[in-house]
Amino acid sequence: MSVIPLSKQIRDDLVRRMGEYSIGQDPLSYLQQNIFTKNTDHVSRIRTVLGRPPSAFYQDVVQYCEISAWSEEPPLIISLLRAFEPVYAYPQLVKAVVDEGPFRCHPTTQPYYACLVAANLPLFARYLTRSAAIRFDQNQGPNERPARVLCVSGPTDSGKSYTLKFFEYLAAIQPLQVGVLRFDFGEGDITTVAGNEGIAVELYIARRLEEQVRRNRERLNARIGAALPALPGLAGNALPDLTNLGSQKPHTFSELVDIPQRTRWAGELAREFVSQVLVRAPPRWWVIVFDRCDQIPPLAEEFVRRLVEAAAGSGAGTVDDADKGPLRVVLLGPSAHIMPNPIYEDHVIDEDLTGQTFGVSELKGYFQAFCLSRLIQLDIDPAKHDIHLEQLAEESLKRAAEMVVSDPDKPSWPSALTDAVVEKTDALTEQAGQKRSGLPQNGGGV
């Protein structure tokens with residue numbers, strides 16, 4: 001959007017005014033009482049360093065409000081812009097922030113309940129995947145045992161690929177906390193490609209993953225101080241240390257020199273990848289998504305198995321080390337052959353999409369999350385709002401059934417249901433836009 005990042009002039013003005021308004025007050029108390037009035041816990045998420053001048057601290061406050069702009073309603077950036085009224089006011093900036101809101105498809109502060117993972121990709125149900133994402137975050141509290149491995153299986157067109165999109169969505173809204181790496185074993189003959197490069201296939205995989213890590217950090221380096229959407233509630237509370245975001249040089253991995261020791265070398269390579277590539281923050285933790293695991297080359301199985309082992313905490317380290325470590329793993333497709341033995345089952349979540357069905361309950365939950373994320377109230381009466389949600393679900397199911405029968409392309413049931421729900425979603429978005437702009441509403445509902 002055009003408003004965020006703020007211009008340097010506006011940032012400097014905000015820093016100067018916070019300094020003026022807080023004279024004689026403790027900076028932390030000033031923020032809690034004047035800016036973070038809805039949620040004073042925001043103060044604890046901003047870095048404080050002894051000996052720094054207040055102006056440096058207030059620069060971090062401005063950056064935090066930009067990064068966390070959409071973490072709650074009203075957006076934090078609006079709370080900051082309105083903190084100096086009536087003497088100083090930013091009505092045009094506030095209006096622009098309201099009018100040009102971001103692509104956000106989760107209820108405020110609840111990103112794990114995202115209803116859309118891309119503009120036209122609604123995510124229905126997937127309770128175990130959402131639970132895995134929550135438990136991947138090691139700071140969720142004592143009531144949740146950490147999980148570090150998610151295995152998703154199911155037939156073609158069952159939605160396994162949505163798993164990747166879901167974690168990419170989480171990374172997009174909080175890039176300082178979550179990073180996603182992907183390797184698809186179905187994209188060509190990687191054994192031959194690695195052979196053409198004169199390296200072992202395990203090293204080829206490690207290098208491709210390491211390249212993604214560097215690209216991720218280079219993007220962050222280019223965007224520091226810009227609009228990095230963030231949400232409270234994800235892993236960690238304070239802004240991470242950004243000092244490691246300098247020049248990203250390729251890591252030189254140890255190569256295979258002794259064929260009889262290949263199994264041992266694969267394990268060492270996995271440990272080297274975690275300890276030398278992933279540990280440097282940010283982001284705080286990484287999700288490696290291995291797709292089409294049924295097509296993994298036999299020679300690469302040990303390397304992947306050791307990465308799973310490192311994530312699960314069943315290797316040479318301790319479970320506590322894994323909890324605090326940077327690695328989480330998602331396996332898409334049949335993956336029993338690459339699971340280490342023993343494996344700590346408490347830290348592994350299995351989701352089988354075979355035979356899943358989507359009915360009124362699942363679609364109603366989708367529309368409920370969408371309305372919460374876009375602040376859409378279908379009726380001022382909560383009971384009638386709930387009835388409208390159920391009607392949207394029933395109408396979507398009916399429309400999908402019509403598509404399966406009438407569409408000459410004969411879409412599958414999941415595809416038809418996706419298209420039907422997106423039709424309703426677009427109508428809801430248009431209706432909400434008309435309400436904000438004061439335009440007359442179309443007809444009788446959506």
Side-chain angles (χ1 to χ4, degrees), residues 1 3-102 104 108-111 139 141 173-177 220 223-243 245 281-282 284 375:
M1 58 182 292
V3 181
I4 296 178
L6 300 174
S7 68
K8 184 179 185 302
Q9 178 183 345
I10 292 175
R11 288 176 179 166
D12 291 344
D13 286 345
L14 293 173
V15 169
R16 184 167 55 253
R17 285 163 188 168
M18 277 188 282
E20 294 171 356
Y21 274 60
S22 64
I23 290 177
Q25 300 181 58
D26 171 68
L28 300 181
S29 299
Y30 166 74
L31 293 178
Q32 291 174 324
Q33 296 170 12
N34 297 276
I35 297 176
F36 301 136
T37 54
K38 287 188 61 179
N39 184 355
T40 57
D41 288 341
H42 285 299
V43 172
S44 66
R45 302 183 181 114
I46 301 174
R47 291 174 296 170
T48 55
V49 180
L50 292 176
R52 297 178 71 207
S55 60
F57 174 69
Y58 288 139
Q59 287 173 1
D60 285 345
V61 172
V62 174
Q63 184 191 41
Y64 180 84
C65 287
E66 289 185 74
I67 291 175
S68 304
W70 314 108
S71 63
E72 57 188 43
E73 298 292 345
L76 288 182
I77 195 66
I78 290 181
S79 298
L80 177 61
L81 293 172
R82 287 179 171 167
F84 313 103
E85 296 176 347
V87 179
Y88 302 107
Y90 300 89
Q92 293 181 335
L93 274 178
V94 170
K95 183 179 185 301
V97 170
V98 172
D99 292 345
E100 301 176 21
R104 191 189 73 186
T108 302
T109 74
Q110 298 180 22
N139 292 329
I173 62 173
Q174 180 51 296
L176 294 177
Q177 304 290 2
L220 286 181
R223 296 172 61 194
I224 288 300
L228 292 173
L231 285 173
L234 289 178
N237 289 326
L239 285 174
D241 181 8
L242 305 180
T243 58
L245 279 178
R284 292 187 184 277
L375 302 180

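Here, residue 1 is the first one in the sequence, and each next residue gets the next number.
With rounding to the nearest 0.5 Å, the separation of CG in Asp26 from CD in Gln33 is 9.0 Å. Note: Leu80 CG to Leu93 CG = 10.5 Å, rounded to the nearest 0.5 Å. Separation of atoms CZ (Arg17) and CD1 (Ile10) is listed at 9.5 Å; rounding is to 0.5 Å. The OH atom of Tyr88 sits 9.0 Å away from atom CG of Asp13, with the distance rounded to the nearest 0.5 Å.
Pairing each heavy atom of Ser79 with each of Ile35, the nearest pair is CB-O, 3.6 Å.
Ring centroids of Phe84 and Tyr21 are separated by less than 6.0 Å, placing the two rings close together.
Ion pairing between Asp12 and Lys8 holds under the 4.0 Å rule for side-chain N and carboxylate O.
Side chains of Asp60 and Arg52 form a contact here, defined as non-hydrogen atoms less than 4.5 Å apart. A heavy-atom distance below 4.5 Å is not found between the side chains of Val61 and Tyr30. Considering only heavy atoms from C-beta on, Asn34 stays 4.5 Å or farther from Met18 through its side chain.
Between the side chain of Ser22 and the main chain of Gln25, no donor-acceptor pair closer than 3.5 Å is present.
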